[in-house]
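Everything numeric here is computed off the predicted structure, so don't read it as measured data. Chain identifiers are assigned alphabetically (A, B, ...) following the order of the sequence lines, protein sequences preceding nucleic acid strands; residue numbering begins at 1 within each chain.
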Protein chains: 2
Amino acid sequence: MKTQFTIGKLATATGVNIETIRYYERAGLIAPPARTDGNYRTYGEADITRLRFVKRTRDLGFTLEQVRALLGLSDQRERDCGTIDAMVIEHLAEVDRKIADLTALRRELADAVASCEGGTVAECRILETFSPTVGS
Amino acid sequence: MKTQFTIGKLATATGVNIETIRYYERAGLIAPPARTDGNYRTYGEADITRLRFVKRTRDLGFTLEQVRALLGLSDQRERDCGTIDAMVIEHLAEVDRKIADLTALRRELADAVASCEGGTVAECRILETFSPTVGS
DNA sequence: GCTTGACCCTGTAGCAGCTACAGGGTGCAG
DNA sequence: CTGCACCCTGTAGCTGCTACAGGGTCAAGC
């Protein structure tokens, strides 16, 4: 007989909140588990593995929909891994776009900060930086 | 008599969605404007300036709460601008943290992609990268 | 005078991805 | 048998919008 445990242990074993686990179940990321007589969810070792996979991919910034897709693909062991590869590459590109956006934004903020020479709000150049002037 | 116009013009003048303008009003970012006899909101030039400020600061990644604070501070013209300065610096630090997080994440994704040598899903090393092994 | 169409109004629901209850049941130790 | 930790369901809240439904307004054209 395998080791079985309730949702609290799964939560501490994976670092995923109990409410979040139930949410993932509703969202179709993890399968509805067996229940005890008292209607408690019971999990096994495989569930820890799967939930850790979910947590890891979420931490890496994949959306729930992408995680669902990755889980589905990872279950088809004999399939070519090209699709997975492509998904990760696309996500990498997305992350690169976000970094570029934030870097541009960072520069604007740094410029704003550099422009401030103290004094009153009326004199503050930061606010000018935030007030796009669009002609006379 | 000043130029007055309805919400549609304000939207096109600022590039902010009509629904979003009304949302900002509900959220207390912009004051409820005067109304016409037919209950239409009417705006003036000053509203364009203020809404552009909101849009710009939102684009720079400030939360609505921060924008509210910035607006409040910018109205106190005689006050020292140190508080504004501090807010922008804190936000800059926040952006730096996000860039750092994304950069770390980017590296992990790149490593995952590099580890893939094709073949079946069963052989794919990307999935191993996503499955944190924690013990025997 | 009447219709068409562009515009405006309010109120509510939806999105992601959780998180936080309320109001109950279960299970075990003392 | 009582207390407490744990679990259950269902629903509402968060941010920052966006998208309706179901109505009213207003100016132009015939």
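Protein atom CD1 of A:Ile21 is 16 Å distant from nucleotide atom C1' of D:dT9, rounded to whole Å. The separation between A:Glu25 atom CD and C:dG17 atom P is 18 Å, rounded to whole Å. Here C:dT26 presents its C1' atom at 11 Å from CG of A:Asp37, a figure rounded to the nearest Å. To the nearest angstrom, C1' of D:dC17 lies 9 Å from CZ of B:Arg26. Across the protein-nucleic acid pair, A:Phe5 atom CZ and D:dA5 atom P stand 23 Å apart, rounded to whole Å. As rounded to whole Å, 14 Å separates atom C1' of D:dG16 from atom CD of B:Gln66. For A:Glu19 and C:dA22, the CD to P distance is 12 Å, given to the nearest whole Å. Atom pair B:Ile18:CD1 and D:dT18:P shows a separation of 12 Å (rounding to whole Å applied).
Between A:Ile7 and B:Leu64, the residue anchored nearer the 5' end of DNA chain D, judged by the nucleotide with its closest heavy atom, is A:Ile7. Nearer the 5' end of DNA chain C, as judged by each residue's closest nucleotide, is the contact made by B:Asn39, out of B:Asn39 and A:Tyr23.
A ring-centre distance under 6.0 Å is found for A:Phe62 and B:Phe130.
Side chain of A:Thr63, nearest nucleotide from C:dG17, C:dC8, D:dG16: C:dG17. Taking every side-chain heavy atom of A:Arg35 into account, D:dC8 is the closest of D:dC8, C:dG27, C:dG25. Side-chain atoms of B:Tyr40 lie closest to D:dT25 of the nucleotides D:dT25, D:dC20, C:dC18.
Close to C:dC8, at under 4.0 Å from its OP1 or OP2, lies no side-chain N or O of B:Thr36. Here A:Arg22 reaches the OP1 or OP2 of D:dC8: one of its side-chain N or O atoms lies under 4.0 Å away. For B:Thr6, a side-chain nitrogen or oxygen approaches OP1 or OP2 of C:dC8 to under 4.0 Å. For A:Arg58 and C:dC18, the shortest distance from a side-chain N or O to OP1 or OP2 is below 4.0 Å. Using a 4.0 Å cut-off, some side-chain N or O of B:Thr20 falls inside it from OP1 or OP2 of D:dT18. Between B:Tyr24 and D:dC17 there is a side-chain polar atom (N or O) within less than 4.0 angstrom of OP1 or OP2. Side-chain nitrogen and oxygen atoms of A:Arg41 include none within less than 4.0 Å of the OP1 or OP2 phosphate oxygen of D:dC7.
With A:Thr14 as the fixed residue, the side-chain contact (heavy atoms from CB on, under 4.5 Å) test singles out one of A:Thr49, A:Ile48, A:Asp47, A:Thr20: A:Ile48.
Contact of the B:Lys55 side chain with the B:Leu51 side chain is not registered, since no non-hydrogen atoms from C-beta on lie closer than 4.5 Å. Side chains of A:Asp75 and A:Arg50 form a contact here, defined as non-hydrogen atoms less than 4.5 Å apart. Using a 4.5 Å cut-off on side-chain heavy atoms (C-beta onward), B:Glu78 and A:Val121 make no contact.
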